[in-house]
Amino acid sequence: MLGKNQDQKVTENSSAIQAGGNVTVNNGLSFSEVRELCLLFLRDNFPALKEEAIKEAKSNVQEFAKKFEEKIIQNAEFITLENFKDPDVQAAINDAVQASARKGEKANTNILVDLLSERVSSTSNDFMDIVISEAVNVAPKLTKEQISYLSLIHFMTSCSSDINNLIHLEVLSKNALQACLAGFGISNSQKLHIQYAGACSIATMMQVNIYDGWMNKLYKGLGFTNLETFKSELAMLSPSTKLLLDEFDRDSKYGEVKLTSVGQAIAIANLSNSIGRMNYSTWLK
């Protein structure tokens with residue numbers, strides 16, 4: 001479910017992407033055209049900025065375009081650049097460019113480029129396209145900590161794997177922890193803002209038994225049947241997993257948090273930067 005890294009493959013009428021140069025894939029737009037498209041959106045949306053402001057905005061957009069290009073190269077196997085000709089795709093890029101121009105890194109550009117690369121992937125579907133376009137608008141309205149919190153909720157409640165030993169689970173959890181750690185202990189007001197932004201819902205009267213869920217459902221393949229044994233073995237062999245479970249357990253005492261499809265998309269984008277590309281269509285279908 002989490003997805004695996006794969007080697008680059010070249011299909012008929014396609015070209016393998018290499019870093020640098022003016023590359024075109026699947027008869028779509030070249031990278032130079034993608035960069036120009038980003039700058040064109042900047043000019044169209046910010047015509048009246050003063051010289052100092054337009055200089056900073058242009059620098060922000062150029063950095064965004066660079067990251068976008070790098071993400072396309074990284075996910076070359078899954079991307080069809082022909083999709084860049086879709087007006088809805090260009091509208092999503094325009095939204096990301098505007099957010100990046102205004103806020104720079106605070107727009108969560110790493111999340112935006114991952115979302116957009118998925119928007120032009122060969123695995124997209126109509127529902128996923130709608131969700132990702134909406135997520136592009138929501139992600140810049142959240143803090144890094146709030147996005148990490150979404151990642152914690154998604155990883156702990158919705159991700160599973162065929163891992164059958166705690167050593168391998170530790171590797172996965174250690175990587176996931178990088179995406180989730182900044183979200184530990186966020187305030188209730190921050191959670192309410194996430195809900196207001198449309199990324200989650202909060203049921204204050206509900207609570208999740210996360211240890212039971214992991215032992216008997218998500219990671220049943222580990223073979224544990226006794227909860228205390230499960231906890232003690234995790235503490236010894238997979239401390240990163242234990243840390244994530246303990247934090248989720250502590251947080252869930254204040255209510256059950258469920259992610260919307262938009263919240264899931266943002267969480268997946270953030271987790272993908274730590275544990276490797278995840279297949280959005282596993283959840284957005």
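These numbers come from a predicted model, not from an experiment.
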Backbone N or O of [Y] within a donor-acceptor pair of the [X] side chain at under 3.5 Å?
| X | Y | answer |
| --- | --- | --- |
| Ser187 | Gln190 | yes |
| Ser148 | Ala179 | yes |
| Ser124 | Val120 | no |

### Message
Classify the ring geometry of Tyr211 against Phe230: parallel below 30°, tilted from 30° to 60°, perpendicular beyond 60°.
### Response
perpendicular
What I want to check is whether the side chains of [X] and [Y] have a donor and an acceptor closer together than 3.5 Å.
| X | Y | result |
| --- | --- | --- |
| Lys67 | Asn110 | yes |
| Asn125 | Tyr280 | no |
| Ser274 | Asn175 | no |
| Tyr149 | Asp251 | yes |

Enclosure of [X] [atom1] (heavy-atom neighbours >12, cutoff 6.0 Å):
| X | atom1 | result |
| --- | --- | --- |
| Asp126 | CG | no |
| Lys231 | NZ | yes |
| Lys141 | NZ | no |
| Lys174 | NZ | no |

### Query
At their closest point, which heavy atom of Phe68 faces which heavy atom of Ser117, and how far apart are they?
CE1-N, 4.1 Å
### Query
Looking only at heavy atoms, what is the nearest atom pair of Leu271 and Cys180, with distance?
CD2-SG, 4.2 Å
### Task
I would like to know whether Lys144 and Asn108 meet side chain to side chain donor-acceptor pair (under 3.5 Å); could you show each step before the answer?
CA-CA 7 Å; Lys144 175 184 177 182; Asn108 299 305; over 6 Å; no
Starting from [Y], can I reach [X] by hopping between I/L/V/M/F/W/Y residues whose side chains sit under 4.5 Å apart?
| X | Y | answer |
| --- | --- | --- |
| Phe127 | Leu115 | yes |
| Val171 | Phe155 | no |
| Ile202 | Met206 | no |
| Val138 | Tyr196 | no |

I want to check something: taking the side chain as every heavy atom from C-beta on, are [X] and [Y] in contact at a cut-off of under 4.5 Å?
| X | Y | result |
| --- | --- | --- |
| Cys159 | Met278 | yes |
| Asn216 | Phe224 | no |
| His193 | Gln146 | yes |
| Met128 | Arg119 | no |
| Thr260 | Cys200 | no |
| Glu105 | Thr109 | yes |
| Leu152 | Met156 | yes |
| Glu256 | Thr204 | no |

### Message
Set out, in order, the CA-CA distance, both residues' side-chain angles and the distance that settles side chain to side chain contact (heavy atoms under 4.5 Å, CB included) for Trp283 and His154, then state yes or no.
### Response
CA-CA 10 Å; Trp283 298 274; His154 184 69; 3.6 Å; yes
#### Entry: Derivation of the side chain to side chain donor-acceptor pair (under 3.5 Å) call for Lys71 and Asn273
CA-CA 10 Å; Lys71 182 62 69 171; Asn273 286 315; 3.2 Å; yes
### Query
For Glu134 and Ser261, what are the C-alpha separation, side-chain angles and deciding distance, and is it a side chain to side chain donor-acceptor pair (under 3.5 Å)?
CA-CA 10 Å; Glu134 185 63 25; Ser261 55; over 6 Å; no
### Task
Taking the six-membered ring for Trp and the full ring for Phe, Tyr or His, determine whether the centres of Tyr254 and Phe248 are under 6.0 Å apart.
no
### Query
Who pairs with Leu181 by side-chain contact (heavy atoms from CB on, under 4.5 Å), at least two apart in sequence or on another chain?
Leu177, Phe184
#### Entry: For Ala92, all residues meeting side-chain contact (heavy atoms from CB on, under 4.5 Å), sequence neighbours excluded
Leu116, Ser133
### Query
From Ser252 OG over to Ile153 CD1, what is the distance, rounded to the nearest 0.5 angstrom?
8.5 Å
### Query
Can you tell me how far CD of Gln98 sits from CG of Asn137, rounded to the nearest 0.5 angstrom?
9.0 Å
Using residues 232-245 as the side-chain source, report each donor-acceptor pair under 3.5 Å to any protein atom, sequence neighbours left out, with the distance given to one decimal.
residue, atom, partner, partner atom, Å
Ser232, OG, Glu228, O, 3.3
Ser232, OG, Thr229, O, 2.9
Ser238, OG, Glu170, N, 3.4
Ser238, OG, Glu170, OE1, 3.0
Ser238, OG, Thr241, OG1, 2.5
Ser240, OG, Glu170, OE2, 2.8
Thr241, OG1, Ser173, OG, 2.6
Lys242, NZ, Asp246, OD1, 3.4
Lys242, NZ, Asp246, OD2, 2.9

#### Entry: NZ/NE/NH1/NH2 to OD/OE distance under 4.0 Å, Arg277 and Asp114
no
### Task
I would like to know whether Ser121 and Asn75 meet side chain to side chain contact (heavy atoms under 4.5 Å, CB included); could you show each step before the answer?
CA-CA 9 Å; Ser121 75; Asn75 291 341; over 6 Å; no
### Task
Check the pair Leu150, Leu259 against side chain to side chain contact (heavy atoms under 4.5 Å, CB included), reporting the backbone distance first and the verdict last.
CA-CA 7 Å; Leu150 291 174; Leu259 304 191; 3.4 Å; yes
#### Entry: Residues Lys191, Ile186; criterion side chain to side chain contact (heavy atoms under 4.5 Å, CB included); working and verdict
CA-CA 7 Å; Lys191 295 177 191 177; Ile186 68 170; 3.9 Å; yes
